[in-house]
Every structure is written in structure tokens, then in C-alpha cells.
Asker: 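One structure follows; several queries about it will come next.
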Amino acid sequence: MKKITRDQVIFEMNKENEPVLSVKSGEKVIFETMDCFSGEVCSAEDTVSGIDFSKVNPATGPLFVEDAKVGDTLKVKINRISLDSQGVTLTAPGLGLLSEGIEKEETVLTEVTEETTNYKGFEIPLRKMIGVIGTAPAGEPVNTGTPHDHGGNLDTILVREGSIIYLPVEVEGALLSMGDMHSSMGEGEIMGAGSEVAGEIEVEVEVVKDSNLPLPFIETEDLYVTLASRETMEEASQLALNHMVQFLQVKTDLTFNQAGMFLSLAGDLKVSQAVNPNKTMRVEVRKDIIDK
Ligand code: CA
Ligand code: CA
């Protein structure tokens with residue numbers, strides 16, 4: 001299987017980036033990924049002030065997908081996520097939602113097993129996920145720390161093994177890249193970091209023609225999910241809700257009003273992450289209710 005190694009990284013999603021690999025629609029590819037600190041935080045003594053911020057959030061890629069044209073959608077099926085056994089999380093004054101209470105920097109190593117992330121003796125259930133995944137935007141480049149309509153630093157726990165993420169194709173070849181995996185992360189990513197870990201992702205990419213997807217969309221085994229990222233959670237919520245209402249109107253016979261009422265009864269509006277330069281909100285509906 002074709003593979004992109006973890007030394008082939010970008011720090012902004014940019015239409016000018018040279019692709020490092022080219023595949024056909026329907027092919028499988030392995031992305032090796034570094035952790036979000038490019039592997040430079042290896043002990044409790046490595047704290048935020050020692051971090052080279054030009055090396056934060058490396059995304060492996062970009063991958064050129066043949067046949068992917070502007071206006072198409074890239075369907076990315078996440079077949080497998082394998083993680084290294086050591087992860088790390090950290091904090092420092094000014095980071096995350098509890099920033100005012102933080103007096104000093106602190107780094108904690110985590111141990112990743114088959115089922116849990118061990119954090120200071122607490123066994124936290126494993127939630128293997130991809131924090132950064134996206135295509136290149138048509139306009140200005142976007143750094144890999146920022147999520148927007150092309151994907152990016154979405155930090156959404158549903159971007160996991162078995163899920164499909166659909167991303168807009170804004171430039172020829174789509175230019176897919178990904179990184180920033182977590183072994184566990186709570187909804188919202190409160191302090192600004194998950195259990196950050198390097199690893200390997202196997203995906204299958206497929207071009208869906210002429211679908212003009214406006215925003216990322218996720219399909220899990222059980223859920224349809226719209227998500228949007230904007231400066232405030234309110235703006236992001238509005239976009240994710242609008243997109244879900246549109247989706248429901250296409251998928252069912254419901255009118256705008258009726259689809260909205262359906263969401264009042266059966267849709268879940270959730271915070272994916274509340275700590276990045278744009279906040280990511282999502283709307284989930286259960287497939288079994290819709291597809292009947
Ligand atoms: Ca992230
Ligand atoms: Ca992260």
C-alpha cells in the first residue's frame with residue numbers, strides 16, 4: 001500500500017503546496033503522523049516555553065487525488081488508526097478555557113494501551129481520533145492550527161476509526177493532509193490539548209463528483225454529522241445547523257420548518273472544540289431514524 005512518511009509534513013493548508021504522493025479515486029493510503037509537537041515534547045521537563053511553535057501541528061501530506069476537481073467532494077474513509085504507546089498532554093498560563101487559573105507550565109506524559117489512556121493513574125477510555133484533517137482551500141492558505149470550511153484543526157472525536165469524513169474539493173487534486181492524533185480527548189478539548197500521540201492512519205479516498213459540499217460532513221456507523229468552524233460558537237452552530245437542515249430537506253420530504261422541528265426533537269448540537277482560533281460545533285442526527 002502507498003504510504004506518506006511522517007517527515008513529509010506541512011504547516012499550512014495551501015493550494016501551492018507540492019503534493020508528495022498521487023493516487024487514484026478508490027485507492028488506500030497510509031499516512032504516518034507525528035504528534036502535534038513534532039515529537040519534541042518527550043518528558044515532563046519539556047514544557048510550553050521550550051516548544052518551537054513553528055513546528056506545532058504538522059500535517060502529513062499533501063496527497064493529490066487524481067480526478068478530484070473543484071466542486072467535487074473528497075470522501076475519506078478512516079479504515080484504521082494505530083497509535084504509539086506514549087502520549088503527552090500539557091498546559092501553560094493563557095492556554096485553553098481555564099487559562100486564568102493556570103500559574104505554571106506543566107507537562108504530563110500519558111501511556112496509551114489497547115483500551116485506555118493512562119493519565120496520572122486514571123484509566124481514561126481510549127478515543128483514538130484525528131485532530132487535523134483537511135484539503136487545501138481555494139483562497140488564502142490556512143495554518144494547520146485553524147479549522148474552517150476545508151477541515152483543518154477540527155478536533156472532533158468522531159473523526160475516528162470506522163468513520164467517513166467528506167471534505168470540499170476547492171483545488172485540483174484536493175491536496176489532503178492530516179495529523180494531530182489523540183488517544184483520548186474530551187468534548188471541547190478544555191485545556192487545549194488531548195493526549196497527543198504519533199501514529200499511523202490508513203484511509204481510503206474516493207472522489208464524489210459535482211456534489212458541491214459547502215462544509216465538512218461526517219458519517220459514523222450510527223450518525224450523520226454536520227460541522228462548522230468560526231470565531232464564535234454561535235456562528236459555528238448556525239452554519240452547522242443550516243447545513244443539517246439542508247441535508248434533511250434533500251434526504252427526506254420535510255420542509256425547512258419541519259426539518260428544524262425535527263432537529264428540536266432529535267438533533268444534538270455539540271461542542272467539538274472550544275479552544276482553537278475558530279471554534280468547531282457540530283449537529284448529530286441518528287441514521288436509524290432518518291433512513292427508515
Ligand atoms: Ca488540535
Ligand atoms: Ca492536539
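Here, residue 1 is the first one in the sequence, and each next residue gets the next number. Both ligands and their constituent atoms are indexed starting at 1 by order of listing. Only this structure's heavy atoms are used, side chains among them; waters, hydrogens and symmetry mates stay out.
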Asker: Does anything in residues 260-272 pair up under side chain to side chain donor-acceptor pair (under 3.5 Å), and if so which pairs, sequence neighbours excluded?
Answerer: T156-S272, K270-E284, S272-R282

Asker: Do the side chains of D149 and R230 get close enough for a salt bridge, i.e. N-O under 4.0 angstrom?
Answerer: yes

Asker: Counting only heavy atoms not in K209, do more than 12 fall under 6.0 Å of its NZ?
Answerer: yes

Asker: State, to the nearest 10 degrees, the angle whose vertex is the Ca ion (ligand 2) and whose arms point to OE2 of E196 and NE2 of H182.
Answerer: 90°

Asker: Run the salt-bridge test on K77 and E206 with the 4.0 Å N-O cut-off and return the result as yes or no.
Answerer: no

Asker: Quick check on the Ca ion (ligand 1): does N153 put an N/O/S atom closer than 3.0 Å to it?
Answerer: yes

Asker: Mind checking whether the Ca ion (ligand 2) has an N, O or S of C36 under 3.0 Å?
Answerer: no

Asker: Return the orientation label for the Y224 and F217 ring planes: parallel under 30°, perpendicular over 60°, tilted otherwise.
Answerer: tilted

Asker: Please state whether the separation between the Ca ion (ligand 1) and some N/O/S atom of D155 is under 3.0 Å?
Answerer: yes

Asker: What's the atom name of the N, O or S in D180 nearest to the Ca ion (ligand 1)?
Answerer: OD2

